[in-house]
Structure formats: C-alpha cells, structure tokens
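These notes are about the structure you will find just below.
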Amino acid sequence: MAGHLTPIPMASQSVGPLKGTAIIPGDKSVSHRSLILGALSVGETKISGLLLGQDVLDTAKAMSAFGAKVTDHGEGNFSVNGVGVGGFSEPVDVIDCGNAGTGVRLIMGAMSTSPINATFTGDASLRSRPMDRITDPLELFGAKSYGRTNGFLPLTMVGARDAHAIRYISPHPSAQIKSAILLAGLNALGETTLIEPEKTRDHTERMLSGFGADIETVEIKDGFAITLQGRPELTAQDIVVPRDPSSAAFPVCAALIVEGSEIFLPNICLNPTRSGLFTTLVEMGADIEFENNRLEGGEPVADLRVKSSCLNGIEVPPNRAPSMIDEYPILSVVAAFAKGKTIMRGIKELRVKECDRIDAMARGLETMGVTVEEGEDYLIVHGQNGEVEGGGTAQTHLDHRIAMSFLCLGLASKKSIKVDDGHAIATSFPIFKSLMTDLGASITG
Ligand code: S3P
C-alpha cells in the first residue's frame with residue numbers, strides 16, 4: 001500500500017428509498033486488537049467475523065512478520081498462534097501498515113519493549129500523520145525511534161531491553177495512544193499507568209482483561225487512570241468480532257436523509273465509548289429503534305431499525321467527541337439536510353486523521369452548495385432543510401470516511417455527486433458499494 005495507487009473516481013445519485021437488511025462487517029478496532037493480542041498470547045486464538053479491510057489485513061501480515069502464525073480460514077475466520085508476551089522476533093523486512101494509523105501505532109507499542117528493531121512505513125496519508133504522540137511515551141520505556149523530521153514515517157523503532165513500567169498522562173484523548181502504551185506495558189517490569197483526559201474507546205482494556213491481564217480503570221479528578229501489571233501470561237481466546245458501528249453509520253445516515261427509507265442492521269456494537277453518533281442522531285430527531293439489546297463477546301450489541309426522518313440541527317456536546325470521533329464526517333452530511341445549524345466543537349483531533357477531516361468536509365460541503373463555518377477545533381454546518389444542491393466533486397485525500405460520507409450525500413442531494421478517489425474505502429468497508437447498492441442506492445465507480 002505504500003506506493004501510489006491509481007485513483008478510483010466514484011459517483012452517487014438519488015434514485016429512491018433505501019430498503020432491506022444491511023449486514024455490516026466486523027469492527028476495525030476490535031479486528032486489529034484480536035490479531036495483535038492473539039500474537040502476544042500463548043496458544044491458538046480463533047477469530048470469527050474479522051474485518052477483511054486492507055488496514056486489518058496489513059496488521060495480520062505484520063503479526064506474521066513478528067513471528068506469530070496467522071492463518072486465514074476464509075470468510076473472516078482466522079487463527080493466530082501466538083508467541084507470548086515478549087516473544088516477538090525481529091522482522092526481516094519493512095512493516096508496511098498501508099493506511100492504518102491504528103495498525104502502525106498499536107504495533108509500534110507492542111514491539112517497543114522487546115529487544116528487536118523494526119522499520120515502519122505506510123501510504124502517503126499515513127506518512128503524513130504525527131507519530132511523536134506515540135514515540136515520545138514509548139521512549140520513556142527505553143525504546144528509541146528514528147523517523148523523518150517531526151517523527152513522520154518511515155520510522156525505525158529500536159525496542160527497549162529490560163523495559164520498566166511508566167506512568168504517563170496522555171495529552172490527547174486518543175485510544176491509539178492509550179493502547180500503544182498498554183501494549184508496551186505488557187512486556188515492562190512493574191505497573192504501567194496511563195491517564196487519559198476523557199474516556200476513549202475501551203476495547204484494549206476489555207480485551208486485555210479477557211486474555212488474562214490484570215488491568216483496572218479508575219475514574220480520577222483529571223480523567224481516567226488505567227493500570228496494567230506488566231509481564232502477564234496472556235492466554236489464547238476465541239473471539240467473535242462485533243459489527244462495526246463506524247461502518248454502520250453510513251447506511252444508517254443515508255437511510256435517515258433519503259426519503260421513504262427503512263433499513264434493518266442486526267448485531268451492531270453499541271459499546272458506550274463508540275455510540276455517540278447514535279445518541280446525537282436521536283437528539284436530532286432520528287427515528288432509530290434499538291432492538292434486542294444484549295451482550296455478545298463482552299460488548300453491548302443491538303439490532304437497529306432506521307427510518308428516514310426530518311432532522312433538526314443541534315449543538316453536539318464537545319465531551320461526546322471521543323465516542324464518535326470517526327463519525328463527524330457523516331454527521332456533517334446529515335447536518336446539511338437538517339433544519340437549522342449543527343455545531344460541532346472540541347474536534348481538533350479530526351485534523352490529524354487519515355486527512356484533515358474538518359478541512360475536507362468543509363471544502364466538500366461548500367462544493368455541494370452547503371454553507372459551513374470552520375475553526376481550528378470546530379465545524380458548523382448550516383442545514384438546508386432537506387434541500388442540498390449537490391453536483392460537485394469532493395476531494396477525498398486518501399480518506400475512506402470522507403469518500404463514503406460524500407457518496408451518502410449524493411443519494412439524497414438534488415444533483416448527483418462525484419468523489420475524486422474511492423480506493424481508500426477498501427481499508428475499512430470493502431463491501432460498502434455492494435451493500436449500499438443492495439439497499440437500493442446508486443453508487444458507481
Ligand atoms: C482507533 C482510535 C481512534 C479512531 C481510529 C481507531 C482505535 O483514533 O479515530 O479510527 O482503534 O484505537 P485516535 O485514538 O487517534 O483518536
């Protein structure tokens with residue numbers, strides 16, 4: 001994935017209501033973690049429902065390069081024969097994580113406290129994302145990193161010998177920072193504590209506990225303190241990956257804005273650290289029913305029934321941002337069809353995602369005839385009360401969520417829309433086009 005890929009121009013247009021059942025692929029965050037924790041365990045971890053997105057496949061390849069035996073049994077069923085905590089061997093080639101910030105950051109954490117070296121790279125998007133937010137704390141364990149100016153990839157990580165546990169206050173609300181440190185802490189002597197200012201997605205904590213680590217989260221004055229005892233023996237697990245709420249967001253939002261739609265999405269992960277979008281949509285007036293609420297594999301899940309709705313703009317509470325951080329692009333699209341302004345503040349982390357998502361959404365929405373206001377950490381979308389002009393071409397900057405967001409906009413705008421390049425969609429939601437088409441959407445490219 002590090003090389004240049006030929007762009008795939010795509011287009012969408014309004015052809016009528018979306019109807020039917022959407023079977024959403026496995027969650028990307030849980031898929032990465034299943035492979036990495038499987039590789040760090042003793043025994044055979046069996047994974048079903050793994051996301052077959054390129055990001056996750058790159059992580060699977062990386063785990064093989066570090067010595068685990070990863071076997072693809074077809075249809076999202078994988079097994080991982082782990083090497084145990086501290087058992088990684090040195091890769092003989094560069095680790096290419098493609099487009100995946102989660103992949104590269106978690107893997108750097110996981111190898112940084114073993115006495116091996118590894119060089120990481122990725123595609124043009126990943127090579128322009130900050131890595132110092134990960135390498136700075138990993139250096140406190142004794143690891144060293146040598147990257148380009150500002151710590152950009154390609155980067156070589158020299159793992160620490162005899163790493164000692166650290167206590168670290170994360171300057172950003174980021175599950176990737178938290179997870180990199182916890183994975184590093186696995187092979188460090190003593191108790192590693194990570195303090196996060198706001199609660200971010202907690203799959204790493206849940207899964208580490210499931211694999212047998214001693215880990216505890218305590219709410220403190222300045223956020224949440226997560227403490228992990230170093231050098232546990234992790235035991236292989238059977239994992240059923242829940243369905244990705246961040247992917248479900250696209251058909252859900254498309255159904256809300258395309259008149260006459262009614263769709264059903266079974267088994268969607270509704271972990272409270274991930275479900276902020278659904279809370280926001282309901283506050284805007286969305287008709288979403290959450291049926292059959294239950295726990296599956298340690299994660300809350302429900303079946304969603306969604307009907308097209310007249311929506312009102314709202315102010316999204318900034319403290320909700322970590323629980324819907326990947327959903328602001330598609331929320332901005334929904335906001336364009338709502339009545340009144342939708343105000344999204346406290347979202348500066350969006351500037352360091354696969355692209356600068358505040359800028360990409362603002363420019364793209366303007367191209368589609370929508371008025372926006374933008375600042376360093378906010379985006380305000382002026383809703384058009386159901387009447388979005390469309391007709392433009394959105395620049396996607398190698399960002400899957402920008403591409404899918406605008407393709408959803410085109411399903412309800414007056415004129416068809418184009419995106420310059422949809423190839424990144426395969427990183428997280430390879431069946432996006434066919435799933436949407438099966439619901440009745442017109443998406444080409
Ligand atoms: C992820 C964490 C988030 C999110 C990303 C997946 C994870 O990134 O945007 O898509 O799986 O830990 P940050 O931790 O940088 O907010």
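Because the structure is a prediction, the values reported are computed rather than measured. Atoms within a ligand are numbered from 1 in the order they appear, just like the ligands themselves.
Between Phe432 and Phe250, the ring planes are perpendicular. Angles over 60° get that label, and only those under 30° would be called parallel.
On a distance-only criterion, Ser29 and ligand 1 share at least one N/O pair closer than 3.5 Å. Some N or O of Ala175 is nearer than 3.5 Å to an N or O of ligand 1, by distance alone. The distance criterion of under 3.5 Å between nitrogen or oxygen atoms is not met by Glu349 with respect to ligand 1. For ligand 1, one of its N or O atoms has an N or O atom of Asp326 under 3.5 Å away. For ligand 1, one of its N or O atoms has an N or O atom of Lys353 under 3.5 Å away.
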Step-by-step side-chain hydrogen bond (donor to acceptor under 3.5 Å, both in side chains) determination, Thr273 to Ser323: CA-CA 5 Å; Thr273 62; Ser323 68; over 6 Å; no
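In the candidate list Arg33, Lys178, His203, Arg105, Arg33 is nearest to atom 12 (O) of ligand 1, counting heavy atoms.
Residue Asp244 is tested with Arg201, Arg274, Lys28 for a salt bridge (charged side-chain N to carboxylate O under 4.0 Å, His left out); the sole match is Arg274.
Between Ser79 and His73, the side chains place a donor N or O and an acceptor N or O closer than 3.5 Å (distance only, hydrogens not considered). Between the side chains of Glu327 and Ser246, at least one donor N or O lies within less than 3.5 Å of an accepting N or O.
When the shell of 6.0 Å around NZ of Lys199 is examined, it contains more than 12 heavy atoms from other residues, nucleotides or ligands.
Here the heavy atom of the protein found nearest to atom 6 (C) of ligand 1 is Thr102 OG1, 3.2 Å.
Every atom of ligand 1 is numbered from 1 in the order shown, and the set under 4.0 Å from a heavy atom of Ile325 is 9 (O).
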